[in-house]
Amino acid sequence: MRRVAIAMAVAVVTLASAGPAVAGADGTAAAPRQTQDVEVRHDLTYRHVGGDDLKLDAYIPAGGGTRPGVMVIYGGGWVLGNKEASAPIARLLAEQGFIAFAMNYRLAPFHPFPAAVEDVQASVAWVRDHALDFGLDPARIGSIGGSAGGHLSAMLATLGKGPHDRGSRIAAAASWAGPMDLHPDQFGPDAQVYVDAFLGCSGQPCDEATIAAASPITHVDQSDAPILLVQGEEDQLVLPQQALHMADALQAARVNHDLMLLPNAGHDERLILPAEQPSFEFLRRELGGAEPGVPGGFSAGSDGGVLAPAIAIVVGALTVGVLILALRSRRRRLPY
């Protein structure tokens, strides 16, 4: 059993005009890092449901061999987003030696719970069934996601029973600011509109059974995959107590987990740079066998510029989502 509480200050990263560089052991700037070749297979259909073809992209490192895989799940309050938002992290994971899969899933409010959960589960089962096509080790699949994607990553880790190498089970999960408990008192006031849309209860009280079924903390038991929880202490959407309560539940169930509490970080890009490298190291530790294609591996500072636009897109999507849902609610005279 493992529980690590880490307090980290968010470093200020300055990128030289000549391009990204990795700091050397003596503090001086090293040469710009060369990226590893990554093959990307776009728009692979992993599920047909309700007349929709759900697709994913596979990011495969050069060099062959059998490698562990990571499902990359975008955020957006369960109401907005697509697999392209996962591309920067998926590519970085591939450069780290993982095979990364970025999938679309059905969005609320038109497809409320359990649609998104069933979709990400189906994506895991599909890549496992097609492991030979990718050089994937079907016994070593993990997941990573932020915000709503962090919730879905944790759901993959906690749902189901039995071995982690079968069906939609995974062997490790990283969750960045993911909601663990969907009860109203676990969120800031600006977040409830997303939760209600996801649960399919906009304009009316949410059913207790649905809330429980949609909450990762409800499903915690000793068969769960190891989980890394990353949480900003200044998060006003997903309250920090969520990660703390989830860590307590995992501790009680004797599930291996790490907890990172980040001061001066909220539900925004300040969470990203401190979380990247520990997340990759966590996944490598739990899944094993992934070797970076570039000597020295990944430096958060060197690639932070790649991830910042993706975070800006997610934050912007969240804002737009609030406005869209709020406007719809007003038209319908819903109590928001």
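The basis for the numbers below is simple: all heavy atoms, side chains too, and nothing from hydrogens, waters or symmetry mates. Please read these numbers as outputs of a predicted model, since none were measured by experiment. All residue numbers refer to positions in the sequence shown, counting from 1.
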> Hey, which of H267, Q241, Q242 is the one that makes side chain to side chain donor-acceptor pair (under 3.5 Å) with D235?
Replying inline: H267

> What is the minimum heavy-atom distance between I170 and S143, and which atoms define it?
Replying inline: CD1-OG, 3.3 Å

>> As a test of understanding, state which of L152, V117, T158 forms a side chain to side chain contact (heavy atoms under 4.5 Å, CB included) with P216.
In response: T158

> Should we count CD of E208 as having more than 12 external heavy atoms under 6.0 Å?
Replying inline: yes

>> Could you check whether any side-chain heavy atom of S202 comes within less than 4.5 Å of a side-chain heavy atom of D196, counting everything from C-beta outward?
In response: yes

>> Testing the basics here: between A275 and L271, what is the closest heavy-atom pair and its distance to 0.1 Å?
In response: CB-O, 3.2 Å

>> Measuring from atom CG of N256 to atom CZ of R285, what distance do you get when rounded to the nearest 0.5 angstrom?
In response: 8.0 Å

> In terms of the angle between their ring planes, are F101 and F134 parallel, tilted or perpendicular, with boundaries placed at 30° and 60°?
Replying inline: perpendicular

>> I'd like to know whether W126 forms a side-chain contact (heavy atoms from CB on, under 4.5 Å) with T45, so could you lay out the CA-CA distance, the side-chain angles of the two residues, the decisive distance to 0.1 Å, and finally the verdict.
In response: CA-CA 9 Å; W126 187 87; T45 299; over 6 Å; no

> When you look at CZ of R166, are more than 12 heavy atoms from neighbouring residues, nucleotides or ligands closer to it than 6.0 Å?
Replying inline: no

>> Does S279 form a side-chain contact (heavy atoms from CB on, under 4.5 Å) with M260? I'd like the steps, not just the answer.
In response: CA-CA 10 Å; S279 296; M260 291 179 60; 5.8 Å; no

>> What I'd like to find out is whether the side chain of M103 reaches to under 4.5 Å of the side chain of R47, using heavy atoms alone.
In response: no

> So, F98 versus Y59, ring centres under 6.0 angstrom or not?
Replying inline: no

>> Would you say that L283 contacts Q96 through its side chain, given a criterion of any heavy-atom pair below 4.5 Å between the two side chains?
In response: no

> Can you check whether W78 and F198 have ring centres sitting under 6.0 Å from each other?
Replying inline: yes

> If you round to the nearest 0.5 Å, how far is CE of M155 from CD1 of I217?
Replying inline: 12.5 Å

>> Do L239 and L237 sit in one hydrophobic cluster, given that two such residues count as connected whenever their side-chain heavy atoms are within less than 4.5 Å of each other, even indirectly?
In response: no

> Do S86 and I73 touch side chain to side chain, with heavy atoms closer than 4.5 Å?
Replying inline: no

> Is the side chain of R106 donor-acceptor paired with the backbone N or O of D119 at a distance under 3.5 Å, no angle test?
Replying inline: no

> If you look at every heavy atom in A197 and V79, which pair is closest and at what distance?
Replying inline: CB-CG1, 4.1 Å

>> Whether K83 and D43 form a salt bridge (side-chain N of Lys/Arg under 4.0 Å from carboxylate O of Asp/Glu) is what I want to check.
In response: yes

> Atom CZ in R270, atom CG in L262: separation rounded to 0.5 Å?
Replying inline: 10.0 Å

> How about L159 and Q121: do any of their side-chain heavy atoms sit closer than 4.5 Å?
Replying inline: yes

> Short question: side chain of S123, backbone of V120 - any donor-acceptor pair under 3.5 Å?
Replying inline: yes

> From L244 CG over to L259 CG, what is the distance, rounded to the nearest 0.5 angstrom?
Replying inline: 6.0 Å

> In Å and rounded to the nearest 0.5 Å, what is the OH to CG distance from Y105 to D52?
Replying inline: 15.0 Å

> Which pair of heavy atoms, one from A173 and one from A157, lies closest together, and at what distance?
Replying inline: CB-CB, 3.7 Å

>> How close do C206 and I211 get, counting heavy atoms only, and between which atoms?
In response: CB-CD1, 3.7 Å

> Under a 4.5 Å cut-off applied to non-hydrogen side-chain atoms, are D221 and K161 in contact?
Replying inline: yes

> Do Q236 and D190 touch side chain to side chain, with heavy atoms closer than 4.5 Å?
Replying inline: no

> Does A87 offer a backbone N or O that forms a donor-acceptor pair with the side chain of Y74 under 3.5 Å?
Replying inline: no

>> Can you see whether H183 engages D181 through a side-chain donor-acceptor pair at a distance of less than 3.5 angstrom?
In response: yes

> Do you know which two heavy atoms are closest between A214 and L199, and how far apart they sit?
Replying inline: CB-CD2, 3.6 Å

> Okay, side chain of R128, backbone of R169: is any donor-acceptor separation there less than 3.5 Å?
Replying inline: yes

> Would you say M246 and V220 make side-chain contact, with heavy atoms under 4.5 Å?
Replying inline: yes

> About how many Å separate CG of D258 and CG of L229, when rounded to the nearest 0.5 Å?
Replying inline: 8.5 Å

> Within the side chain of H164, is there an N or O that forms a donor-acceptor pair under 3.5 Å with the backbone of A139?
Replying inline: no

> So, the side chain of Y46 versus the backbone of N104: is there a donor-acceptor pair under 3.5 Å, distance only?
Replying inline: yes

> Is there a side-chain contact (heavy atoms from CB on, under 4.5 Å) between T210 and C201 once you walk through the steps?
Replying inline: CA-CA 10 Å; T210 302; C201 58; over 6 Å; no

>> Evaluate F113 against L182 for side-chain contact (heavy atoms from CB on, under 4.5 Å), listing each step before the verdict.
In response: CA-CA 12 Å; F113 175 80; L182 272 57; over 6 Å; no

